[in-house]
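Read the structure below first, then the notes.
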Amino acid sequence: MNKNMLITGASRGIGAATARLAAQRGWNVAVNYTRNASAAEAVVADVRKAGRKGLAIQADVGKPDEVVRLFKTFDAEFGDLHGFFNNAGILEKASKLVDMDVARLERILAVNTVGAFVAAREAARRMSTRLGGKGGVIVNMSSAASKIGGANEAIDYALSKGAIDTMTIGMAKELAGEGIRVNAVRPGMIDTDIQRDTGIPDRVQRAVPQIPMLRGGTVEEVAEAVLWLMSDQSSYCIGLLMDVTGGRGL
Ligand code: NAP
């Protein structure tokens, strides 16, 4: 297999775990990040250790022109794009609706929604058989928050992910006839740095009583779901909003 995957937000957390697992499964991997170059280089080192091509590409997904540059750099370095994991996302300090300002909402939407939309468009432009591409797979990153709603902590984040669910369904239907399968993963509580960004200590542990499986999930468990959606094993699946939640939000 000589397939190329681009993952946004792959220097840490779920994106990094997916990059590592993808390399073990034979993918070459482009590791996008925005600030943490050393973390991105550590992921790239592991991709190369697995015998695959790896490269870190800095770009802020919250800036449309940087998303376009990210894909152009990918084209030059890797060639064909076979798999795109639209993963980069942010979560801000836990807050109630009445305390949220518009600047915060705009920051979240710029990365989680507009950024993801523009990135999916760039991937589709390259993969579409109608436009001369060879087809491919897009996996969007949603969240269980899209169903639960983020009350008392992150309604802004939840709505940014609700939009991901909607666009996943639209893109899945629009692109299926052009050789592109589009699906999403919706993780529940996964213990990554993003949890610390809320300012709530032990956020995952606190949520455990509300999780039917009585534990948070791991980055590896989400990565497995992404790799399945990327693989031919899911060849007849489109528009899935795949919960990886231990039952949270059911
Ligand atoms: P994380 O550990 O905080 O990692 C975030 C990653 O995204 C880092 O690689 C970071 O790069 C990158 N990033 C942040 N802003 C970016 C931007 N503007 N442009 C490009 N890259 C950017 O978070 P995570 O938990 O793995 O989250 C990954 C995705 O999963 C997010 O979309 C999140 O909403 C979603 N998710 C997470 C959970 C969970 O429980 N953890 C649950 C549901 C959904 P730097 O290292 O350069 O900062």
Side-chain angles (χ1 to χ4, degrees), residues 6-21 29-44 56-71 73 85-92 94 106-120 139-148 150 153-154 156-165 168 184-198 200 202-208 211 215-223 225-226 241-246 248-249:
L6 169 60
I7 306 178
T8 57
S11 48
R12 294 181 287 119
I14 295 165
T18 306
R20 291 184 166 107
L21 188 63
V29 189
V31 172
N32 161 250
Y33 69 101
T34 185
R35 274 182 304 268
N36 199 331
S38 59
E41 288 304 339
V43 176
V44 166
I57 307 176
Q58 194 282 333
D60 182 345
V61 167
K63 298 184 176 153
D65 54 334
E66 294 199 19
V67 176
V68 170
R69 174 177 57 75
L70 166 65
F71 277 83
T73 306
F85 184 23
N86 203 1
N87 168 69
I90 58 171
L91 176 61
E92 299 224 352
E106 286 177 345
R107 271 196 306 276
I108 289 181
L109 289 175
V111 178
N112 294 9
T113 306
V114 179
F117 182 91
V118 174
V139 178
N140 291 324
M141 175 53 90
S142 177
S143 166
S146 73
K147 285 202 293 186
I148 298 168
E153 293 180 7
D156 45 7
Y157 172 85
L159 80 88
S160 77
K161 296 299 189 179
I164 296 292
D165 291 359
T168 297
V185 284
R186 285 200 299 203
M189 280 286 177
I190 315 294
D191 201 1
T192 65
D193 293 342
I194 211 170
Q195 304 293 355
R196 256 75 71 195
D197 296 339
T198 64
I200 302 174
D202 304 326
R203 186 166 184 254
V204 175
Q205 275 314 111
R206 284 186 196 204
V208 160
I211 302 172
R215 66 172 178 86
T218 66
V219 290
E220 289 79 14
E221 287 173 314
V222 182
V226 175
L241 308 175
M242 187 190 276
D243 288 350
V244 188
T245 61
R248 182 174 161 82

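In each ligand, atom 1 is the first atom listed, and ligand 1 is the first ligand listed.
- The minimum heavy-atom distance between Ala19 and Val43, with the atom names listed, is CB-CG1, 3.6 Å.
- At a heavy-atom cutoff of 4.0 Å, ligand 1 is contacted by both the backbone and the side chain of Asn36.
- Taking atom 3 (O) of ligand 1 as the reference point, the nearest protein heavy-atom neighbour is Ile194 N, 3.3 Å.
- Considering backbone and side-chain N/O of Asn87, one or more are found under 3.5 Å from N/O of ligand 1.
- Every atom of ligand 1 with a heavy atom of Pro187 under 4.0 Å away is listed here by number and element: 42 (C), 43 (C), 44 (C).
- Of the heavy atoms in Asp197, none comes closer than 4.0 Å to ligand 1.
- With a 4.0 Å cut-off on non-hydrogen atoms, Ala37 does not touch ligand 1 at all.
- Among all non-hydrogen protein atoms, the one lying nearest atom 22 (C) of ligand 1 is Thr34 CG2, 3.6 Å.
- Side-chain contact check for Lys63 versus Val114: every heavy-atom pair is 4.5 Å or farther apart.
- Every atom of ligand 1 with a heavy atom of Tyr33 under 4.0 Å away is listed here by number and element: 47 (O).
- Ligand 1 has no nitrogen or oxygen under 3.5 angstrom from a nitrogen or oxygen of Ala144.
- Taking the side chain as every heavy atom from C-beta outward, Met141 and Asn86 never approach each other to under 4.5 Å.
- Annotation for Ile211 and Gly246: closest pair CG2-O, 3.6 Å, computed over non-hydrogen atoms.
- Listed here is the closest heavy atom pair of Ser160 and Asn112: OG-ND2, 3.1 Å.
- Heavy-atom contacts of Ala59 reach the following atoms of ligand 1: 19 (N), 20 (C) (cutoff under 4.0 Å).
- Using a 4.0 Å heavy-atom cutoff, Lys161 is listed among the residues neighbouring ligand 1.
- Looking at heavy atoms from C-beta onward, Arg203 lies in side-chain contact with Leu91 at the 4.5 angstrom threshold.
- Contacts between Ser142 and ligand 1, counted as non-hydrogen atom pairs separated by less than 4.0 Å, involve the backbone only.
- Atoms of ligand 1 lying under 4.0 Å from at least one heavy atom of Tyr157, given by number and element, are 33 (C), 34 (O), 35 (C), 36 (N), 43 (C), 44 (C).
- The shortest distance between side-chain heavy atoms of Val222 and Thr18 does not fall below 4.5 Å.
- The pair Asp156-Arg107 does not count as a salt bridge, with every side-chain nitrogen at least 4.0 angstrom from each carboxylate oxygen.
- Taking any N or O of Val61, backbone or side chain, at least one lies under 3.5 Å from an N or O belonging to ligand 1.
- If you check which protein heavy atom lies closest to atom 15 (N) of ligand 1, you get Ile90 CG2, 3.6 Å.
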Under the criterion side chain to side chain contact (heavy atoms under 4.5 Å, CB included), I'd like the reasoning laid out for Leu241 against Lys147: C-alpha separation, chi angles, the key distance, then a yes or no. CA-CA 11 Å; Leu241 308 175; Lys147 285 202 293 186; over 6 Å; no

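- A 4.5 Å side-chain heavy-atom check between Leu70 and Leu6 finds at least one atom pair inside the cut-off.
- Look at Thr8 and you'll find every heavy atom at least 4.0 Å from all atoms of ligand 1.
- Among all heavy-atom pairs drawn from Ser142 and Asp165, the shortest one is OG-OD1, 2.6 Å.
- The protein heavy atom nearest to atom 8 (C) of ligand 1 is Ser11 OG, 3.5 Å.
- The side-chain heavy atoms of Ile148 and Arg248, taken from C-beta on, include a pair separated by under 4.5 Å.
- Of the protein's non-hydrogen atoms, the one nearest atom 48 (O) of ligand 1 is Arg12 NH2, 2.8 Å.
- Within the 4.0 Å heavy-atom criterion, neither part of Arg186 lies near ligand 1.
- Scanning the protein heavy atoms around atom 26 (O) of ligand 1, the nearest turns out to be Ile14 N, 2.8 Å.
- Proximity to Ala10 (heavy-atom distance under 4.0 Å) selects the following atoms of ligand 1: 9 (O).
- Of all heavy-atom pairs between Glu221 and Val244, the closest is O-CG1, 4.0 Å.
- Shown in contact with Gly89 at under 4.0 Å from a heavy atom are these atoms of ligand 1, numbered in order with element: 31 (C), 32 (O).
- Each of the atoms 2 (O), 26 (O) of ligand 1 lies under 4.0 Å from some heavy atom of Gly13.
- Between the side chains of Ser11 and Asn36, not a single donor N or O lies within less than 3.5 Å of an accepting N or O.
- Closest to atom 18 (N) of ligand 1, if we only count protein heavy atoms, is Asp60 OD1, 2.7 Å.
- Under a 4.0 Å criterion applied to the non-hydrogen atoms of Asn32, ligand 1 contributes the atoms 20 (C), 21 (N).
- Closest to atom 38 (C) of ligand 1, if we only count protein heavy atoms, is Gly188 O, 4.0 Å.
- Listed here is the closest heavy atom pair of Ala88 and Val61: CB-CG2, 4.0 Å.
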